[in-house]
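This report concerns only the one structure given below.
For reference, positions follow the sequence shown, starting with 1.
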Amino acid sequence: MKRKTAIVICIIMILNLLCGCSSKDETSQTSKKKNKPQTKITETIEPTEDIEPSDTEDTTVTVIQTTEEPTTTAQQISIELADTEKLNWVEVKDPYGYTSVTVPDTWHVEFIMADLIGYGIKAYDETCPDRIFIFQLLASPFLKSKASHDFWSKNAGGNYMGGSNAFVENPYLTNPTTEGFFAECGSGYMDLSDFAMIAKLEENNPLFGDVIEGTCKSPNGNYVTGVFGGSVWNTMDYWMSGIDCGWYSVSNLLVMAAPEEDYTNWIPVMTKIFNSIYFSEQFMQDRNREWAQIIGTSQYLGKMADQMGDMIMDSWNKSSETHDILSQMRSDSTLGRERVVDNETGEIYYAPNGFSDEYNGTRYSALPENDPRYRNPVTGTLSID
């Protein structure tokens, strides 16, 4: 028995020595990881059956376990609202009280008042003059050929019936379509050059003929993207010396254009401008006296005043998305930015390139390539403080 007891005591002493080493190692490791929470587990070693209770004492082994919790630093996100999110709107009336239009207060408005037949509105953003809105009830005349233009120039000179000779001053139109008008007459009539059609958004619209998405150079010489419309029709045939000296007219001439990089943001704004146009009853009556034939169209326009812009916007929304998505992605790359989506609200934001790599939260994520939401207006710009 004494021999067995001695053996057990030796085993206990060895265990104590081992536990002491273990504790030192654990203490050393713990001192290097002071920020880690500790869990203390106590194990009790019971004596064997051959050991008498009087010859032993309870022996414990202490094991220290550590678990590391990941530490993250909350990032502060700043939001700079887009220009279109902080607009102040004002109503502008023409000098005669015929019409009014509501525009952002940074926009300059001009009324085309040569006569009521060709009445129109031109507006642009003074903070970015390449944002352009034009609407004219009737643009005319546009001769049908160079031969006709030369005939008028030779026989009517610089004036016609005592006034300026629009037959000579206006460019001539050989392709009597909406696309043809902007390609051939855009520069000479509206100072919009290098027109190129991207796609037809709608064909044979009752008010605007073909509704087109296209690009052109603004009067400032910068390329813009826009929605263009206008119903081209043969006003009359007028044969002289074997030449048709008649002309075409364009009803409801429309331009809504902006730089490519913020085009999708400003189309809804210009739609709102379009919808705000108001034609007074006096305007209808006076225009009827000048040209009774046009009154039906004028009355129709009056009834549709709050829907014309929606009609154009509806055409744009139904159009092919491919070009707009690619152009917006190209603009983002050129301008050193990316687009992210707020996963809580669904709003789209600009962010500096690399934002999605640096950001460690879950609320914002990069907009995937070719995502249809590239055509959505942008609420603002995000940055990490």
Side-chain angles (χ1 to χ4, degrees), residues 94 98-99 101 110-123 132-144 166-167 169-186 188-190 192 195 197 200-214 226-238 246-257 270-271 273-275 277-280 283-316:
D94 71 54
Y98 282 133
T99 64
V101 60
E110 299 175 2
F111 295 95
I112 302 170
M113 295 283 293
D115 56 56
L116 296 184
I117 305 303
Y119 189 90
I121 297 172
K122 297 173 63 176
I132 305 164
F133 175 88
I134 301 173
F135 177 61
Q136 188 174 9
L137 290 177
L138 186 76
S140 185
F142 301 98
L143 298 174
K144 300 177 181 180
F167 292 89
E169 292 177 359
N170 289 352
Y172 57 88
L173 176 61
T174 62
N175 178 12
T177 64
T178 306
E179 179 186 5
F181 171 77
F182 284 102
E184 296 183 343
C185 302
Y189 189 71
M190 295 174 292
L192 301 174
F195 178 82
M197 183 175 73
K200 283 185 181 180
L201 306 183
E202 185 179 359
E203 294 187 75
N204 301 317
N205 181 283
L207 284 179
F208 305 101
D210 293 337
V211 180
I212 292 174
E213 186 173 41
V227 175
F228 304 83
S231 180
V232 181
W233 50 285
N234 183 15
T235 308
M236 68 176 298
D237 296 327
Y238 180 52
W247 58 91
Y248 298 114
S249 298
V250 183
S251 298
N252 306 319
L253 179 61
L254 174 68
V255 177
M256 300 193 303
M270 286 186 264
T271 298
I273 292 174
F274 202 176
N275 282 345
I277 297 175
Y278 168 76
F279 298 98
S280 69
F283 174 84
M284 303 295 183
Q285 295 174 4
D286 291 351
R287 194 165 191 259
N288 183 41
R289 280 194 292 269
E290 289 193 22
W291 192 8
Q293 187 179 359
I294 203 68
I295 184 61
T297 302
S298 295
Q299 289 177 335
Y300 182 60
L301 284 172
K303 294 175 182 178
M304 295 290 291
D306 61 347
Q307 301 176 34
M308 291 188 295
D310 289 340
M311 185 182 297
I312 293 296
M313 192 68 181
D314 183 61
S315 298
W316 184 73

Has T178 got a side-chain atom pairing as donor or acceptor with G230's backbone, closer than 3.5 angstrom? yes

Has the side chain of Q136 got a donor or acceptor atom that lies under 3.5 Å from a matching backbone atom of G118?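 Side chain of Q136 to backbone of G118: a pair is present.
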
Working to the nearest 0.5 angstrom, can you tell me the gap between [X] [atom1] and [Y] [atom2]?
| X | Y | atom1 | atom2 | answer |
| --- | --- | --- | --- | --- |
| N205 | L254 | CG | CG | 10.0 Å |
| K144 | Y248 | NZ | OH | 5.0 Å |
| M256 | F133 | CE | CZ | 7.0 Å |

Checking F279 against L137 for the side chain to side chain contact (heavy atoms under 4.5 Å, CB included) test, could you report, in this order, the C-alpha distance in whole Å, the side-chain angles of both residues, the deciding distance, and whether it holds? CA-CA 11 Å; F279 298 98; L137 290 177; 4.1 Å; yes

According to side chain to side chain donor-acceptor pair (under 3.5 Å), who are the partners of T99, at least two apart in sequence or on a separate chain? D94, Y119

So, using side chain to side chain donor-acceptor pair (under 3.5 Å) as the criterion, who are the partners of Y98 when residues are at least two apart? D286

Do the side chains of [Y] and [X] get nearer than 4.5 Å, heavy atoms only?
| X | Y | value |
| --- | --- | --- |
| L192 | V255 | yes |
| F135 | V101 | no |
| M190 | F195 | no |
| I121 | I112 | no |
| P141 | N170 | yes |
| V211 | V227 | yes |
| S140 | W247 | yes |

Do D115 and R287 meet the salt-bridge criterion of a basic N to acidic O distance under 4.0 Å? no

Salt bridge (Lys or Arg N to Asp or Glu O under 4.0 Å): pairs with one or both residues in residues 170-182, sequence neighbours excluded: none

Answer yes if the side chains of S231 and S251 hold a donor-acceptor pair under 3.5 Å, and no otherwise.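 The answer is no; no qualifying pair exists.
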
Taking only residues two or more places apart in sequence or in another chain, which ones pass side-chain contact (heavy atoms from CB on, under 4.5 Å) with N204? D210

Looking at residues at least two apart in the chain, or sitting in another chain, which of them share a side-chain contact (heavy atoms from CB on, under 4.5 Å) with E184?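 Here the qualifying residues are L173, T174, N175.
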
If the condition is salt bridge (charged side-chain N to carboxylate O under 4.0 Å, His left out), which residues does E203 pass it with, not counting sequence neighbours?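 Partners of E203 under the salt bridge (charged side-chain N to carboxylate O under 4.0 Å, His left out) test: K200.
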
Are the aromatic ring centres of Y189 and F142 under 6.0 angstrom apart?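 Yes, they do, as the ring centres are separated by less than 6.0 Å.
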
Over all atoms of both residues, closest heavy-atom pair of T235 and S249: OG1-OG, 2.5 Å

Can you see whether F111 has K122 sitting over its ring - NZ or CZ less than 6.0 Å from the centre and within 45° of the normal?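 Not satisfied by the 6.0 Å and 45° rule.
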
Give the intermediate values and the outcome of side chain to side chain contact (heavy atoms under 4.5 Å, CB included) for residues L253 and F181. CA-CA 10 Å; L253 179 61; F181 171 77; 3.4 Å; yes

